[in-house]
> 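Okay, handing you the structure first.
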Amino acid sequence: MAAIYSLYIINKSGGLIFYKDYGSSGRMDTNDSLRVASLWHSMHAISQQLSPISGCFGIELLQADTFDLHCFQSLTGTKFFVVCEPGTQHMEGLLKHIYELYTDYVLKNPFYEMEMPIRCELFDINLTQAIQKDRVALLAR
């Protein structure tokens with residue numbers, strides 16, 4: 001069973017710009033992935049406003065019985081989140097690494113238009129390698 005079920009990247013407006021499914025069962029269709037991304041964007045924004053702590057950046061971890069959802073928000077408002085097995089550790093480091101791949105292979109791509117869906121082969125290749133390395137590291141722990 002995969003430690004990481006899926007990866008989402010949401011632009012600052014709440015639009016889903018990247019989705020990759022790594023789980024073998026329960027694959028979602030396009031509409032479901034759009035709903036999840038939209039719902040997460042809304043919950044994240046509401047949590048920032050309702051937090052009793054000033055300077056809160058929103059929900060970083062949502063734990064459920066069957067999954068954990070880890071989120072990283074960049075300074076530009078782009079959100080990266082993974083849905084993974086409950087109790088999976090060190091997802092913050094993986095999310096930051098995915099953000100670095102995003103900046104290196106997507107934002108520096110002269111053909112990429114900001115806030116649009118990500119269609120970059122080098123990003124896909126390096127992302128797959130990063131996820132595979134993370135799975136190997138999780139098995140070694």
Side-chain angles (χ1 to χ4, degrees), residues 1-139 141:
M1 181 179 265
I4 297 171
Y5 299 141
S6 55
L7 167 70
Y8 296 79
I9 302 177
I10 307 171
N11 64 21
K12 64 183 173 187
S13 304
L16 181 64
I17 58 174
F18 185 83
Y19 168 71
K20 185 79 171 179
D21 189 12
Y22 297 101
S24 59
S25 63
R27 190 170 178 86
M28 291 194 300
D29 66 7
T30 304
N31 287 335
D32 288 339
S33 61
L34 289 169
R35 281 188 208 103
V36 168
S38 177
L39 180 64
W40 181 253
H41 174 75
S42 301
M43 287 175 44
H44 198 270
I46 290 169
S47 70
Q48 286 177 311
Q49 295 173 357
L50 295 179
S51 174
I53 302 168
S54 63
C56 176
F57 295 110
I59 302 170
E60 294 177 357
L61 173 62
L62 176 77
Q63 293 178 314
D65 292 339
T66 57
F67 69 91
D68 285 353
L69 190 150
H70 295 262
C71 182
F72 170 75
Q73 181 175 343
S74 71
L75 293 175
T76 60
T78 304
K79 292 174 200 65
F80 300 78
F81 70 92
V82 292
V83 179
C84 59
E85 289 180 350
T88 305
Q89 300 294 315
H90 309 290
M91 286 293 108
E92 298 83 17
L94 176 65
L95 286 169
K96 289 179 182 178
H97 182 66
I98 292 170
Y99 174 66
E100 290 171 5
L101 294 174
Y102 171 76
T103 58
D104 287 344
Y105 297 105
V106 177
L107 295 182
K108 293 178 183 177
N109 183 343
F111 301 107
Y112 177 70
E113 293 183 39
M114 291 297 294
E115 308 295 317
M116 296 304 291
I118 298 170
R119 309 259 188 267
C120 179
E121 186 177 353
L122 283 175
F123 177 70
D124 289 337
I125 291 168
N126 285 283
L127 179 62
T128 301
Q129 290 174 354
I131 297 296
Q132 287 174 349
K133 285 180 186 176
D134 188 66
R135 284 184 178 163
V136 169
L138 284 172
L139 292 173
R141 290 183 192 138

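We number each residue from 1, following the sequence as shown.
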> Side chains of residues 103-114: which donor-acceptor partners sit under 3.5 Å, not counting sequence neighbours?
unit_1: Thr103; atom_1: OG1; unit_2: Tyr99; atom_2: O; d: 3.4
unit_1: Thr103; atom_1: OG1; unit_2: Glu100; atom_2: O; d: 2.8
unit_1: Asp104; atom_1: OD1; unit_2: Lys108; atom_2: NZ; d: 3.3
unit_1: Asn109; atom_1: OD1; unit_2: Phe111; atom_2: N; d: 2.9
unit_1: Tyr112; atom_1: OH; unit_2: Met116; atom_2: O; d: 2.7

> Output all residues satisfying side chain to side chain donor-acceptor pair (under 3.5 Å) with Asp68, sequence neighbours left out; order by chain, then residue number.
none

> Does a side-chain heavy-atom distance below 4.5 Å link Ile10 with Phe81?
yes

> My understanding is that only residues two or more places apart in sequence, or in another chain, count here; which of them pass side-chain contact (heavy atoms from CB on, under 4.5 Å) with Thr66?
none

> Which pair of heavy atoms, one from Ile9 and one from Leu16, lies closest together, and at what distance?
O-CD1, 3.6 Å

> Under the salt bridge (Lys or Arg N to Asp or Glu O under 4.0 Å) rule, what pairs show up with a residue in residues 116-126, not counting sequence neighbours?
none

> What are the two closest heavy atoms between Asn11 and Glu115, and how far apart are they?
CB-OE1, 2.7 Å

> For Gln129, give me all partners under side-chain contact (heavy atoms from CB on, under 4.5 Å), at least two apart in sequence or on another chain.
Ile125, Asn126

> Scan the side chains in residues 45-61 for donor-acceptor partners under 3.5 Å anywhere in the protein, sequence neighbours excluded, and list what turns up.
unit_1: Ser47; atom_1: OG; unit_2: Met43; atom_2: O; d: 3.4
unit_1: Ser47; atom_1: OG; unit_2: His44; atom_2: O; d: 2.7
unit_1: Ser47; atom_1: OG; unit_2: Ile59; atom_2: N; d: 3.3
unit_1: Gln48; atom_1: NE2; unit_2: Phe57; atom_2: O; d: 3.3
unit_1: Ser51; atom_1: OG; unit_2: Ile53; atom_2: N; d: 3.1
unit_1: Ser51; atom_1: OG; unit_2: Ile53; atom_2: O; d: 3.3

> Tell me which pairs pass side-chain hydrogen bond (donor to acceptor under 3.5 Å, both in side chains) where either residue lies in residues 29-40, with sequence neighbours left out.
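Counting only pairs at least two positions apart or across chains, the side-chain hydrogen bond (donor to acceptor under 3.5 Å, both in side chains) contacts touching residues 29-40 are Asp32-Arg35.
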
> Quick check: closest heavy atoms across Leu95 and His70, and the distance to 0.1 Å?
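Taking every non-hydrogen atom into account, CD1-O, 3.6 Å.
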
> Considering residues at least two apart in sequence or located in another chain, which fulfil the side-chain contact (heavy atoms from CB on, under 4.5 Å) criterion with Lys96?
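Counting only residues at least two positions away or on another chain, Lys96 forms a side-chain contact (heavy atoms from CB on, under 4.5 Å) with Phe72.
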
> So, for Tyr19 and Ser6, which heavy atoms are closest and what is the spacing to 0.1 Å?
CE1-CB, 3.9 Å

> Is there a side-chain contact between Ile4 and Ile131 (heavy atoms, below 4.5 Å)?
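They are in contact (side-chain heavy atoms under 4.5 Å apart), so the answer is yes.
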
> Taking the ring centre of each residue, are Phe80 and Phe18 less than 6.0 Å apart?
no

> To the nearest 0.5 Å, what is the distance between CG (Leu69) and CD (Gln63)?
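Reported to 0.5 Å precision, the distance equals 10.5 Å.
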
> Taking only residues two or more places apart in sequence, or in another chain, which ones meet His41 in a side chain to side chain donor-acceptor pair (under 3.5 Å)?
Lys79

> List the atom of Pro86, the atom of Tyr5, and the distance in Å for their closest heavy-atom pair.
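Nearest pair, atom of Pro86 first, then Tyr5: CD-OH, 4.4 Å.
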
> Decide yes or no for Asp21 and Leu7: does some side-chain heavy atom of the first lie under 4.5 Å from some side-chain heavy atom of the second?
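No; the side chains remain at least 4.5 Å from each other.
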
> Measure the OH-NE2 distance between Tyr102 and His97 for me, rounded to the nearest 0.5 Å.
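If we round to the nearest 0.5 Å, Tyr102:OH and His97:NE2 are 16.0 Å apart.
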
